[in-house]
Structure formats: structure tokens, C-alpha cells
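Take a look at the structure set out below.
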Amino acid sequence: MRRDTLKKFYSVHSWVGVITGILLFIIAFSGAVSVFGSPDLKIWSNPSLHTEVTVDPVKLDKLAEEYAVDIPQEFLHEVVVLLPGAKAFGDLYLLFETDHGPDERVIAYSFDPHTLALKERKEGPPKEVFAEEQMTLESFITHFHANLHLGRLGLILTGLLGLTLMASIVTGVIIHRKILKEMFSFRPLRSLRLMLTDSHKVLSVWGLLFHGMIGFTGAFLGLATVILLPAAAFVSFQGDQDKLLETFQPERMPVLSGEPADMQIDTVLLKSDQLGETTRSIVIMGWGDKNALAFSNTYGGDEMAFQTHSFQLQDGKVLETTTSFELVGGVSGPILDLMFPLHFGSFGGLPVRIIWALLGLSTALIAVTGMMIWVERRAYGAEGDLKPESYMRLSKLTIGSCSGMVVALAAMFWGQRLLPAYVPELFFVVWLLCLVYAFSRSNNYQSNRQLLGVAGLLLAAVPFVDVATLEHHLFNSMAGTHTHLAIIDVVLFLSGGILLYIAKRLPSERQEEQHRAHKTKQTALDEELEESGETLVDTSTSTQVTEA
């Protein structure tokens, strides 16, 4: 490849990285944590799930019949049962909904998952009824990864970030001419710069396929509801998105007979549990009618994708089973069904979640090491056009944003136990304080070590906070504590120890290194492009793939 062309790819690779580096770390790190959202962090965050939750199908059937008696007929168009559990919802919910449309209303009852005692009744438009009043750590971090809590704008940002990630991968592979050699080059003890460079290369190359998959699925999930769905509705349904969704959703209103009948929810739940590992919800169309249909949503077992099973309520007969996008047809349906489980690792159990989390952390580390390499090369090398102080401001922003986010997340575990009503506020306040602290310090290396050390201390102390605040905790795990709770406390303690070790090993001041400051910038860049790729990696800013 011609040198000029290679330089152009290198330039694109570098600037895409430096522009998106901090945001990529935020998305990748939160994604690595959100992999454990359900069931692990859901159990940890909700004391009601610290003991196993099982719902008696017969009691559920009687409960639904009892509350449906006093519901106005227009609210029986669609009846939804949201089941409690570690992989479903925190409480048991009964929802009675009117026909969908601008005047749609819902009557919602919530029940204790263990005693089935009524906790709360709400009525109103769906947006008001389903608004989450108190966000737990698990729900906060999952939504934060999806849209940064910015709604549609956040979805667009995360979707576009997936596209830039793929651009970094393509340009990185093109300019990287010794990709196999770089897989085994790691020299962490020689200098900070070599440690950053080699970490960046090794993590990029070994996780190349994962980074590509995450970029593609992330772009789809971020942009699907904001851009792709309206576009599809415009092309095929004259802009009617509700009509598009109804066409490809298996739930449908049956032809009502006018003859009353019992709903037999217990039979549906028993059969649904046999068809999938976890039943999350049951939707009943035509409540109280002989021809009523039930639709259960399940996932797990032998299938990666979510499944919907339709039943004839009168006799519990299974009519059909479809996946989320099977009705789309063709080869696109199965591909779309794989997007969510591939992105979040929600298949294969705990081993897959652990692998996805580690690979997600590698994506985050690639982002932050790329940013730090870029700053080092321009602040102290031959490439910078500005004074070192200007590049150091970017370094402070990177440290405050990235290491500060780690501290803020660690503080959330404390907040979930001590201030559960203010978990989101605590996260953003701590993050802001870390940013302010990073900018107030003149020694960036020292401030980075201190922030990581604080995060390590917070995480290591979480099990002891649980002892002080919970009935069930790590140290009485043999007396009924949910296994997940004890395991998570152990993992948090070990993660805190690892962060403390890393903070101790990082340098507290810049290590002076030999560099070619006497050479012109053009000569230095030409040499990097001529060499094997090792030096080129040091100058790159990619946040996703190898630098060379």
C-alpha cells in the first residue's frame, strides 16, 4: 500500500479514537458491569430477592380472578401478568389495559413476591404508571449503558459510537501490518509508555472479533428504535409505527364468542415453564371470554433468543411458538433475534457473562490506554503542535472521566445500601467531584493512582457494609442467603484488592524516556510508517483496535 494512503488511514484511525475515546470507555465499562445486571446485580440490589422467589400457579390464578372482578370492562382488553424473580421483575404485577392508542390507560397492582400481599395500586396513562420511582443500582447501570439516561439522544450517541468503533477496527486492521507478532508482545515492567502501548495492542488484537461484534450489535440496538424503526414504518406503513409493530408481534386479539369462561392462568404458567427456562410475563387477550388467548414470554434453555408461546386459554393448548423477530421472515429474522443476546451475553449462563464482562473491560482499557498514549506522544514527543500543558488538560479530563467513573460506580454499591433513594444522584455527584479533583491536581499520575485506590477501598469494603445493613449477607450465607449475594460480595472484595494493587504499581510521576525530539515531525511519522508497526502503535489513538 502506498505510504500516503497508509498515512490517511492512520490519521483517520487516530482522530476517530481521540474524539470518541472517553465516551467509548464510559459505554464499554458500564456495559461490562451491566452484563451481570440480571440476575446477579438484580438480586444484590433487591432485598426481596435475597431469598428464592417462587409463585404458586394456583394462587396466581385466584389472585388474577379476584382483582379482575371489579375492573371496568374497557380495561380488560389486555391483561398482563409480570412475574417476580431474579431474571424477571422484583415484584408481582397485574396490569389491566385499555385498547392501545392516544387515550390508552392502565390499572396496575403490585404485590409482594413472597406473600402476594397488595403493595400499591396505580391508574393512568402508561408513561405515568410505568415511570420508575426508585431506580436500583442494577436498573441504573443497565439504562446508563443503553442510552446514558439521555433518552433518544443517548440511543443515537451509543449507536453512532458502534459505527465509529467499526471504523476504527477497519482502519486499524489496514494499517497494522504485523498483527500476529503484536499478539505476544507485552513489556509491562520497562516503562509506563511501553506498558500502555503493549496493553493497547494485545487487548486489541486478541479481542478483535469481540470488538467488531459489539460495535455492530451496539450500533443496531442504539439506532433501531430511533432511526431504523421509523424508516421501516415510513417505507412500508406510511409512517404508522404502531401498525408496523402490530404486524410483527405475535400477540393478537381473538374473535370473541361472548361466552364467559375461567382463564386458567395456572395451566398456562405451568406449561410455559416447561417450554422456557424463565417465564417473564403472560399476556391475556380477551379476558373472560371462551376464545381468549394467552401469550407467555420466556427465555433461556436451549434457545438464545426470547420466545413467545401462544395458548388457547380454555384448554391450555399450545398454538405456536415464535421468537421476537421470527415474523419478519427470511434470513433477517434469526439475525435480528441474535442481536440482544450477543451484545449482552445473556445466553449460556454465568460462564458466558464472565467472558463477556472481561472482553468488555478490554474494550474499555483499549479506549483509555489509547487516549493516554496519544497525550504522551504529543505532550513529550515530536508530534504535538501545542504546549505540553494543553495536552495535560486532556489527560486530566481522561483521568477524571474514566477513573472517576470507576469511583462513582463503586460508591453506588454503598449508596444502594445506605441511600437507596438517591443512587442516581450519588453516582453523578461522586463522578463530578472526581473530575474536579483531577483538574485541581498538577500531578496527573498521582491523581490517577489515588482515584483508583479510592475505588479499590470502596469495593473491598462493600461486604462489610452488607453485614451492617442486611439480614442475609456473606458471613451467614449458610443460613438462607441467596448464593448470588455471597458470590457478588466476594467478587467485589477481590476486585477492590486488584484495583488497590494496580494503583500501587502505577508510577506516581512521569518516567523520563528517550525520544526523538530532535527530529522533525514528518520524519518521525515517516519512520513509524516504515517500521514494523510497534512504533506506530505508540502514536495511535484508537480506542478499539490495535494501533499499528
Side-chain angles (χ1 to χ4, degrees), residues 25-26 28-51 86 90 135-142 144-145 344-345 349-362 364-365 402-420 422-424 426-427 430-431 434 449-505:
F25 176 89
I26 293 171
F29 186 78
S30 60
V33 178
S34 66
V35 163
F36 297 105
S38 178
D40 310 289
L41 291 179
K42 180 184 284 291
I43 292 172
W44 192 91
S45 301
N46 294 273
S48 63
L49 299 178
H50 289 176
T51 53
M135 188 170 287
T136 63
L137 180 149
E138 168 267 331
S139 58
F140 174 86
I141 200 67
T142 301
F144 185 78
H145 171 69
F344 288 98
L350 183 60
V352 173
R353 294 200 299 275
I354 293 175
I355 294 172
W356 252 238
L358 292 175
L359 289 172
L361 285 176
S362 75
L365 288 174
C402 300
S403 298
M405 181 185 176
V406 179
V407 177
L409 182 62
M412 284 181 67
F413 284 92
W414 283 59
Q416 185 61 57
R417 295 290 182 250
L418 304 177
L419 298 168
Y422 301 99
V423 167
L426 178 65
F427 176 83
V430 172
W431 199 3
C434 291
R449 293 182 67 204
Q450 291 168 345
L451 289 176
L452 293 178
V454 170
L457 288 173
L458 290 173
L459 290 176
V462 167
F464 305 99
V465 178
D466 279 355
V467 171
T469 57
L470 296 177
E471 176 184 358
H472 299 293
H473 50 77
L474 172 63
F475 299 105
N476 67 359
S477 58
M478 300 303 294
T481 300
H482 203 299
T483 305
H484 283 76
L485 181 66
I487 293 176
I488 291 174
D489 275 354
V490 171
V491 171
L492 292 175
F493 180 80
L494 295 176
S495 299
I498 292 172
L499 277 177
L500 287 171
Y501 175 79
I502 292 174
K504 182 178 179 180
R505 297 292 298 178

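Note that these values count all heavy atoms, side chains included, but never hydrogens, waters or copies made by symmetry. Sequential numbering from 1 along the given sequence is applied to the chain's residues. Since this is a predicted model, take the numbers as computed values, not measurements.
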Of all heavy-atom pairs linking Phe493 and Pro463, the shortest is CB-CG, 4.0 Å

Phe413 versus Leu41: any side-chain heavy-atom pair under 4.5 Å? yes

Spacing of CG belonging to Asp40 relative to CZ belonging to Arg353, to within rounding of 0.5 Å: 4.5 Å

Expected output: side-chain Trp414 to main-chain Val465 donor-acceptor under 3.5 Å: no

Hey, are the side chains of Val406 and Leu451 touching, using non-hydrogen atoms and a 4.5 Å cut-off? no

Output for pair (Ile502 CD1, Leu452 CG), nearest 0.5 Å, gives 7.5 Å

Inter-residue atom distance Ser48.OG - His50.NE2, 0.5 Å rounding: 8.0 Å

With a 4.5 Å limit on heavy-atom distance, are the side chains of Ile26 and Phe144 in contact? yes

Nearest 0.5 Å, what's the CG-CD1 distance between Leu359 and Ile354? 12.0 Å

From Lys42 atom NZ to Leu49 atom CG, the distance as rounded to the nearest 0.5 Å: 7.0 Å

Can you check whether Phe29 reaches Leu361 side chain to side chain, under 4.5 Å on heavy atoms? yes

Heavy-atom closest pair (Phe25 atom, Ala364 atom, distance to 0.1 Å) is CD1-O, 3.2 Å

Can a donor-acceptor pair be found, under 3.5 Å and without considering hydrogens, that links the side chain of Glu138 to the backbone of Ser45? no

What is the minimum heavy-atom distance between Leu458 and Ala411, and which atoms define it? CD1-N, 4.0 Å

Derivation of the side-chain contact (heavy atoms from CB on, under 4.5 Å) call for Trp431 and Leu409: CA-CA 9 Å; Trp431 199 3; Leu409 182 62; over 6 Å; no

Distance (rounded to the nearest 0.5 Å) between Thr136 OG1 and Trp44 CH2: 10.0 Å

Please report the shortest heavy-atom distance between Leu500 and Gly453, naming the atom on each side. CD2-O, 3.4 Å

Exercise: identify the closest heavy-atom pair between Leu137 and Gln416: N-OE1, 2.7 Å

In terms of heavy-atom contacts, Cys434 and Gly404 come closest through CB-CA, 3.5 Å

Spell out, as yes or no, whether a donor-acceptor pair under 3.5 Å connects the side chain of Ser139 to the backbone of Met135. no

